[in-house]
Amino acid sequence: MKKIIFTLVAVATLNFTFAQNSVQLIPNDNDSRVITTGLPFMLIAPDSRSAGMGDVGVATSVDGFSQQWNPAKYAFSEAKSGVGLSYTPYLTRLVNDISLSYATYFNRLNDYSAVSASLKYFSLGEIVLTQDADDVGFAVKPNEYAIDVAYSLRLADQFSMAVALRYMRSALRIEQVPGSNAQPASTFGADITGYYQSEEEAYADFNGRWRAGFAIQNLGPKFKYDDGGQDTFQPTNLRLGAGFDFIFDQYSTLGVTAEVSKYLVPTPPIRGERIVFTDANDDGVFNTDDGDTQTPEQEAASGQDVILEGQDNDVSFISGVFQSFGDAPGGFSEELREFTWALGAEYLYQESFALRAGYFNEADDKGARKFFSLGAGFKYSTINIDLSYLFSASKIQSPLENTLRFSLTFNFGDGEYDEY
């Protein structure tokens with residue numbers, strides 16, 4: 001009886017083994033680990049002061065261009081109001097008409113609050129479109145811009161917060177013929193920022209002051225570049241920074257700042273093709289020469305696009321913010337590589353001359369942006385003139401490499417508020 005039972009069990013097991021289905025998951029060769037968003041011009045540093053310090057800005061001391069990094073800093077401005085203007089050539093090794101222009105204004109209302117606004121304009125120059133070699137063609141000028149306003153409020157003697165609202169428009173869709181209906185993309189976003197600045201404290205050989213800041217930028221709904229396109233995330237970004245000012249005497253100050261940032265956008269998952277078949281000889285390899293076959297049902301189930309690792313990134317922008325902290329296919333180590341970090345230093349002499357240096361780093365598989373930067377600043381009366389220069393440290397060339405950038409700031413009512 002035992003022999004009969006054993007034989008029946010063995011036969012059943014053998015039949016199950018030969019009849020079992022095998023599934024192969026083949027990764028796509030073009031899967032990228034780089035997070036991409038729409039409106040990437042929003043994250044380009046427009047001002048020479050921050051650019052000269054490795055693109056740090058969320059925790060640096062207040063200046064006229066704080067609107068880009070952390071408008072909460074305006075509540076600590078010693079000037080009553082100010083205007084900032086900057087111009088940044090882009091891809092200068094290839095063309096001479098692509099550029100980023102930026103204008104900002106702030107006004108301190110009282111001891112506790114300030115308002116500010118800015119306009120950021122990215123021009124891709126002039127492009128002549130032709131139908132054939134004999135066509136004279138017509139010129140188009142693709143561009144993108146953003147307009148925002150912010151309100152800053154001091155919640156304590158050393159801490160303030162700000163909220164900024166922004167409208168963004170991208171006219172990158174090129175008309176095929178003059179008069180065709182090529183509509184620009186547009187969307188709305190918001191920033192939430194905070195800034196801390198301590199009182200000046202006495203140490204053994206110098207005085208010092210601590211700074212810290214955070215910013216959640218471009219928080220808003222997804223948008224489309226055209227009616228038939230896919231929904232695209234805004235460049236929602238988290239910035240965290242801290243710094244310290246070494247005040248050696250009434251003439252010399254050295255400020256150092258460190259900053260990390262991360263996209264609050266889902267990481268693209270690793271996708272692949274799903275193939276279902278009957279593995280007749282149970283060798284784990286689908287080979288028709290070994291008798292492996294596909295039923296019509298299995299053939300219909302094959303070829304499906306499936307997620308092999310990671311999470312589906314087709315989610316709302318709010319879900320994407322929370323998902324971005326734990327959806328990298330490579331796990332926690334990949335999540336850490338999605339953080340960029342930067343270090344910057346600024347030496348200020350008599351509040352009229354500044355020297356700056358910085359370094360920015362991004363993981364190789366997340367964009368590979370790495371560069372050193374140098375900068376200088378001069379102050380004459382109410383006018384600040386800043387310039388910066390970038391040296392790429394990556395195998396991937398930066399579009400801003402070997403570009404000299406200039407910024408102008410006009411401060412009005414300087415010294416009207418005493419913050420130090």
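Here the structure is a predicted model, which means the values were calculated and not measured. Sequential numbering from 1 along the given sequence is applied to the chain's residues.
- Both tests pass for Arg154 against the ring of Phe76: distance under 6.0 Å to the centre and angle within 45° of the axis.
- Contact of the Leu343 side chain with the Phe360 side chain is not registered, since no non-hydrogen atoms from C-beta on lie closer than 4.5 Å.
- For the residue pair Gln397 and Ser392, no side-chain donor N or O sits within less than 3.5 Å of a side-chain acceptor on the partner.
- Considering only heavy atoms from C-beta on, Trp69 stays 4.5 Å or farther from Ser66 through its side chain.
- At least one side-chain heavy atom of Leu264 sits under 4.5 Å from a side-chain heavy atom of Ile216.
- Taking the salt bridge (charged side-chain N to carboxylate O under 4.0 Å, His left out) definition, one finds that Glu334 meets it with Arg33, Lys366, sequence neighbours left out.
- Geometric assessment of Lys73 against the ring of Phe106 yields a negative cation-pi assignment under the 6.0 Å and 45° thresholds.
- Between the side chains of Thr340 and Ser261, at least one donor-acceptor pair of N or O atoms lies under 3.5 Å.
- In this structure, Lys222 pairs ionically with Asp314, as a charged nitrogen and a carboxylate oxygen lie closer than 4.0 Å.
- Judged purely by atom type and a 3.5 angstrom limit, Gln234 uses its side chain to pair as donor or acceptor with the backbone of Pro221.
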Show me the donor-acceptor pairs within less than 3.5 Å that the side chains of residues 161-168 make with the rest of the protein, sequence neighbours left out.
from   : atom 1 : to     : atom 2 : distance (Å)
Arg166 : NE     : Asp148 : OD2    : 3.1
Arg166 : NH1    : Asp191 : OD1    : 2.9
Arg166 : NH1    : Asp191 : OD2    : 3.4
Arg166 : NH1    : Asn218 : OD1    : 3.2
Arg166 : NH2    : Asp148 : OD2    : 3.0
Arg166 : NH2    : Asp191 : OD2    : 2.7

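- Annotation: side chain of Tyr195 is in contact with side chain of Asn70 (closest heavy-atom distance under 4.5 Å).
- A donor-acceptor pair is defined here as one N or O able to donate and one able to accept, closer than 3.5 Å; no such pair exists between the side chain of Thr88 and the backbone of Arg405.
- Salt bridge Arg108/Glu78: absent, no basic N to carboxylate O contact under 4.0 Å.
- Two residues are said to be in side-chain contact when any heavy atoms from C-beta on lie closer than 4.5 Å; Met53 and Glu346 meet this criterion.
- More than 12 heavy atoms of other residues, nucleotides or ligands shown are found within 6.0 angstrom of OH on Tyr203.
- Between Asp63 and Arg49 a salt bridge is recorded (basic side-chain N to carboxylate O distance below 4.0 Å).
- Between Phe122 and Phe41, the ring planes lie parallel to each other; the angle is under 30°, not in the 30° to 60° tilted range.
- With salt bridges taken as basic N to acidic carboxylate O contacts below 4.0 Å, none links Glu144 and Lys120.
- Looking at heavy atoms from C-beta onward, Ser99 lies in side-chain contact with Tyr87 at the 4.5 angstrom threshold.
- Between Phe412 and Val83 there is a side-chain heavy-atom pair separated by less than 4.5 Å.
- Residues Val315 and Gln323 are in side-chain contact: their nearest non-hydrogen atoms beyond the backbone lie under 4.5 Å apart.
- With salt bridges taken as basic N to acidic carboxylate O contacts below 4.0 Å, one links Arg239 and Glu259.
- Not counting sequence neighbours, the partners of Ala357 by the side-chain contact (heavy atoms from CB on, under 4.5 Å) test are Leu374.
- Asp327 places a side-chain N or O within donor-acceptor distance of the main-chain N or O of Thr267, the cut-off being under 3.5 Å.
- In this structure, Phe246 has its ring center closer than 6.0 angstrom to the ring center of Phe244.
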Side-chain polar contacts of residues 382-391 - donor-acceptor pairs under 3.5 angstrom, sequence neighbours left out - could you list them?
from   : atom 1 : to     : atom 2 : distance (Å)
Asp386 : OD1    : Arg356 : NH1    : 3.0
Asp386 : OD1    : Arg356 : NH2    : 3.0
Tyr389 : OH     : Asn402 : OD1    : 3.1

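- Counting only residues at least two apart or in different chains, ring-ring contact (aromatic ring centres under 6.0 Å, His included) contacts with residues 329-350 comprise Trp341-Tyr359.
- Phe317 has its ring centre no less than 6.0 Å from the ring centre of Phe233.
- Under the rule for a salt bridge (charged side-chain N to carboxylate O under 4.0 Å, His left out), Glu309 has no partner lying at least two apart in sequence or in another chain.
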